[in-house]
Amino acid sequence: MATVRMIDIAVNFTDGMFKGIYNGKQCHVSDIATVLSRAWTAGVDRIIVTGGSLEESKEALTIAETDARLFCTVGVHPTRCKEFEESGDPDKHLQALLSLAKEGIEKGKVVAIGECGLDYDRLQFCPAEIQKKYFEKQFELAHATTLPMFLHMRAAAPDFCEIVERNRSRFSAGVAHSFTGSAEDRDKLLSISNIYIGINGCSLKTAENLDVVRSIPIERMMIETDSPYCGIKNTSAGIKFVKSTWPSKKKEKYNQECIVKDRNEPCLVRQVLEVVAGCKGISEIGQLSRTLYHNTCRVFFPQDLDSAADSILAGHDPQ
């Protein structure tokens with residue numbers, strides 16, 4: 001296994017599966033520490049924990065505070081935007097998110113506003129008009145904090161891109177994570193200069209997906225797992241490029257030495273890197289990982305690039 005450094009920009013550590021709970025049933029012990037140990041060993045050196053509601057963002061911050069290599073987002077997922085109105089005072093709810101983001105910034109933990117955006121595949125959870133209204137509102141959080149944005153776009157490219165374009169001056173940069181769109185959707189996103197595209201197992205399922213990913217410049221890409229979801233399955237078109245594997249066991253036969261079958265986890269971001277390299281015909285995986293790492297730092301950890309540049313100027317190689 002070549003040594004690579006990776007940042008997983010999307011992990012749902014607030015999900016019950018990482019507490020051993022599947023469909024409401026406790027199958028094994030909570031195992032975030034074990035999952036993290038595997039990730040660090042695989043070459044992951046930072047993880048961004050996703051917040052998708054006010055309460056989840058609070059939990060994401062609490063989890064991020066348990067390890068120096070964990071960070072998080074603060075925001076409301078499109079399918080949960082009803083919570084603004086159900087709170088009884090949408091403006092107060094927005095202010096609560098802003099206060100949490102500011103608290104997390106002071107702690108050095110909150111690195112983005114999100115997960116926010118539009119999801120027209122799941123309108124049963126939240127109507128499009130409410131999604132659009134509160135997607136737009138969350139740019140106020142990005143503007144007030146100067147944080148980048150962690151974005152969600154599902155079956156909604158025209159409206160999504162219009163809202164992002166309209167608010168372009170209010171946020172520094174962003175990533176449209178878990179991208180599964182068409183070539184046309186990809187090109188729309190790439191036409192917005194401060195938007196990157198996040199790739200995970202769901203982005204690599206079909207031959208058509210691979211064709212779309214092949215034409216994303218690596219300078220505009222980041223990698224992620226979106227675990228515990230979006231793993232690369234044996235039926236995925238990208239599986240032929242996977243080189244790294246881990247032993248797995250079913251959740252009912254839990255063994256901490258093994259990954260849980262059908263539960264994605266951050267160490268497997270390594271497979272996403274391998275599939276991106278394979279479908280793009282890149283043999284030098286180390287160079288690819290450095291570019292993706294640099295992209296991620298540029299958006300979410302700009303202070304690192306500043307210190308690396310200072311180090312080079314001072315005559316020290318930061319590697």
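Taking 4.0 Å as the cut-off between side-chain N and carboxylate O, Glu55 and Lys58 count as a salt-bridged pair. Under 4.0 Å is where a charged nitrogen must lie from a carboxylate oxygen, and between Lys19 and Glu59 at least one such pair does.
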query = Taking it one step at a time, do Phe171 and Ile195 satisfy side-chain contact (heavy atoms from CB on, under 4.5 Å)?
reply = CA-CA 10 Å; Phe171 71 107; Ile195 293 290; 3.9 Å; yes

Ile163 vs Phe139, side-chain contact (heavy atoms from CB on, under 4.5 Å): CA-CA, chis, key distance, verdict = CA-CA 10 Å; Ile163 290 171; Phe139 285 92; 3.7 Å; yes

task = Starting from the C-alpha separation in whole Å, work towards a yes-or-no answer on salt bridge (charged side-chain N to carboxylate O under 4.0 Å, His left out) for Lys133 and Glu129.
result = CA-CA 6 Å; Lys133 180 177 180 180; Glu129 289 313 307; over 6 Å; no

request  = List the steps and the verdict of salt bridge (charged side-chain N to carboxylate O under 4.0 Å, His left out) for Lys107 and Glu103.
outcome  = CA-CA 6 Å; Lys107 291 174 171 174; Glu103 177 196 336; 2.7 Å; yes

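Under 3.5 Å, the side chains of Ser289 and Arg5 contain no donor-acceptor pair of N or O atoms. A donor and an acceptor atom, one from each side chain of His294 and Arg298, are located under 3.5 Å apart. Side-chain contact check for Ser203 and Asn209: no donor-acceptor pair (N or O, by modelled atom type) lies under 3.5 Å. With no hydrogens or angles considered, a side-chain donor-acceptor pair links Ser244 and Glu274 at under 3.5 Å. Donor-acceptor pairing under 3.5 Å is lacking for the side chains of Thr296 and Arg46. Side chain to side chain, His28 and Tyr22 meet the donor-acceptor criterion of an N or O pair below 3.5 Å. Side-chain atoms of Asn12 and Asp226 form a donor-acceptor pair, as typed in the model, at a separation below 3.5 Å. Side-chain contact of Arg170 with Asn167: a donor-acceptor pair under 3.5 Å is present, judged by distance alone. Judged by distance alone, the side chains of Tyr134 and Arg80 never bring a donor and an acceptor atom under 3.5 Å apart.
With rounding to the nearest 0.5 angstrom, the CG atom of Leu268 is 4.5 Å from the CD atom of Gln271. For the atom pair Leu118 CG and Asp159 CG, the distance stands at 6.5 Å (nearest 0.5 Å). To the nearest 0.5 Å, atom NZ of residue Lys280 and atom CE of residue Met221 are 5.0 Å apart. The CD atom of Glu115 sits 8.0 Å away from the OG1 atom of Thr79 when rounded to the nearest 0.5 Å. Taken to the nearest 0.5 Å, the CG atom of Leu54 stands 6.5 Å off from the CG atom of Leu100. To the nearest 0.5 Å, atom SG of residue Cys297 and atom CZ of residue Arg290 are 13.5 Å apart.
More than 12 heavy atoms of other residues, nucleotides or ligands lie within 6.0 Å of CD in Glu85, so this atom counts as buried by the packing criterion.
Hydrophobic clustering places Tyr196 together with Phe71 (ILVMFWY residues linked when any side-chain heavy atoms are closer than 4.5 Å, directly or through intermediates).
Looking at every heavy atom in both residues, Met17 comes nearest to Arg263 through O-NH1, 3.0 Å.
Glu252 meets the side-chain hydrogen bond (donor to acceptor under 3.5 Å, both in side chains) test with no other residue; sequence neighbours excluded.
Counting only distance, with no hydrogens or angles, the side chain of Thr145 and the backbone of Leu147 share a donor-acceptor pair below 3.5 Å.
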